[in-house]
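Along the sequence shown, residues are numbered consecutively beginning with 1. Values below: every heavy atom of this structure, side chains too, minus hydrogens, waters and symmetry copies.
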Amino acid sequence: MSRMSIPDIREKYENGENLTMLTAYDAPIARQVDNGGVDMILVGDSAGDNHLGYNDTIPVTVDEALSLTASVDRAVENAMVIADLPFLSYGSSMEESVKNAGRFMKEARADAVKLETAPSGKTSIKVIDRLTELGIPVMGHIGLTPQRMNQIGGGYVQGRGDEKSATIEALIETAEQIEEAGAFSLVLEAVTEETGKRVTEVVDIPTIGIGAGRHVDGQVLVITDVLGLSEESYRLSKQYADLNSVICDAVESYVDDVQEGVFPASENVFDAIDEEG
Ligand code: KIV
């Protein structure tokens, strides 16, 4: 079976099927996420705080993200693999933007890239236009855009039109420009449900929400939140397992076994006659 393609995503969208996306940052988790049947796997720059031990997404480098994307790519058979372009890897110049996005396709073998756009953000719209013209599929991302967190000042819900939040109209206009520039899909992060609904009504590309309510075309969550591997829980997310406890219990059992001399046992050791492992 080949991987989910842009026409496959389009077909599901046109048939009114809800699209599914989860993040993954390494091969073992990507394999399970793929086996679970998601349409798309995002190697998000949320790797910064969910995988690489940073406080946020800002320090993630192109080389780090390339390595994570390549490891996910090697494990995935069915889902589309989308690489998130790190902070300032696009936008400083067109040449640099194309070069970096191209590395995710050529070296890490991503199927598409994602990049964030500020409300009315002209530069990244031009980048989307150029990348799609060159054959690099692009997923847009508006609403709460974590790469702008130092400007926004916190994780404020967008679309409320107050001093911490863009207006619905600004977000709709930006979404339309992203569609016009050629993006095949659009992430809406932490926006009011009304914003999610209105943007979804206006654009003719699938909208994928995270904290964007019920009236979008698909959903995405961060895998560490879903699996219970995070330190915090968020209103926009849902935890489906408690791997922190599972892992902690497993490690404690291992430590006990070793300390008590229970592991290794006779079945774990080799003798001179039968060397099969
Ligand atoms: O980096 C990420 O995980 C994302 C999702 C929240 C959409 O951008």
Considering only distance and modelled atom types, tabulate donor-acceptor pairs under 3.5 Å from the side chains of residues 119-129, sequence neighbours left out.
residue	atom	partner	partner atom	Å
Ser124	OG	Thr117	OG1	2.8

Hey, can you pull the donor-acceptor pairs under 3.5 Å for the side chains in residues 252-264, sequence neighbours left out?
residue	atom	partner	partner atom	Å
Ser253	OG	Asp249	O	2.9

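With no hydrogens or angles considered, no side-chain donor-acceptor pair links Gln239 and Asp225 at under 3.5 Å. A donor-acceptor contact closer than 3.5 angstrom is absent between the side chains of Ser46 and Thr23.
When hydrophobic side chains of Ile, Leu, Val, Met, Phe, Trp and Tyr are connected at separations under 4.5 Å, Val157 ends up as a singleton with no cluster partners.
Note on Tyr156 and Ile210: separate hydrophobic clusters, where clusters join Ile, Leu, Val, Met, Phe, Trp and Tyr whose side-chain heavy atoms are under 4.5 Å apart, directly or indirectly.
Closest approach of Tyr90 and Ser97 over heavy atoms only: CA-OG, 3.5 Å.
By the side chain to side chain donor-acceptor pair (under 3.5 Å) test, Thr69 pairs with no residue at all, sequence neighbours left out. With sequence neighbours left out, Glu173 forms a salt bridge (Lys or Arg N to Asp or Glu O under 4.0 Å) with no residue at all. Checked against side chain to side chain contact (heavy atoms under 4.5 Å, CB included), Thr224 has the following partners two or more places apart in sequence or in another chain: Asn50, Val222, Leu229, Ser230.
Residues His215 and Glu194 are not in side-chain contact: their nearest non-hydrogen atoms beyond the backbone lie 4.5 Å or more apart. Between Leu188 and His141 the shortest side-chain heavy-atom distance does not fall below 4.5 Å. Using a 4.5 Å cut-off on side-chain heavy atoms (C-beta onward), Met40 and Ile9 make contact. Inter-residue side-chain proximity for Met149 and Phe87 is flagged as unmet; no heavy-atom pair is nearer than 4.5 Å. In this structure, the side chains of Ile152 and Leu144 come closer than 4.5 Å at one or more pairs of heavy atoms. Side-chain contact between Tyr13 and Asp204 is present, with at least one heavy-atom pair separated by less than 4.5 Å. For the pair Met139/Pro206, no side-chain contact is recorded, criterion being any heavy-atom separation below 4.5 Å from C-beta on.
Counting non-hydrogen atoms of other residues, nucleotides and ligands closer than 6.0 Å to CZ of Arg148 gives a total above 12.
With hydrogens and angles ignored, the 3.5 Å screen pairs no side-chain donor or acceptor of Glu77 with any backbone N or O of Asp34.
Comment: Glu193 does not engage Lys197 in a salt bridge, judged by the lack of any side-chain N to carboxylate O separation of less than 4.0 angstrom. Between Glu95 and Lys99 no salt bridge is recorded (no basic side-chain N to carboxylate O distance below 4.0 Å). Note on Asp84 versus Lys114: salt bridge recorded, some NZ/NE/NH1/NH2 to OD/OE distance being below 4.0 Å.
With rounding to the nearest 0.5 Å, the separation of CD1 in Ile223 from CD1 in Ile41 is 8.5 Å.
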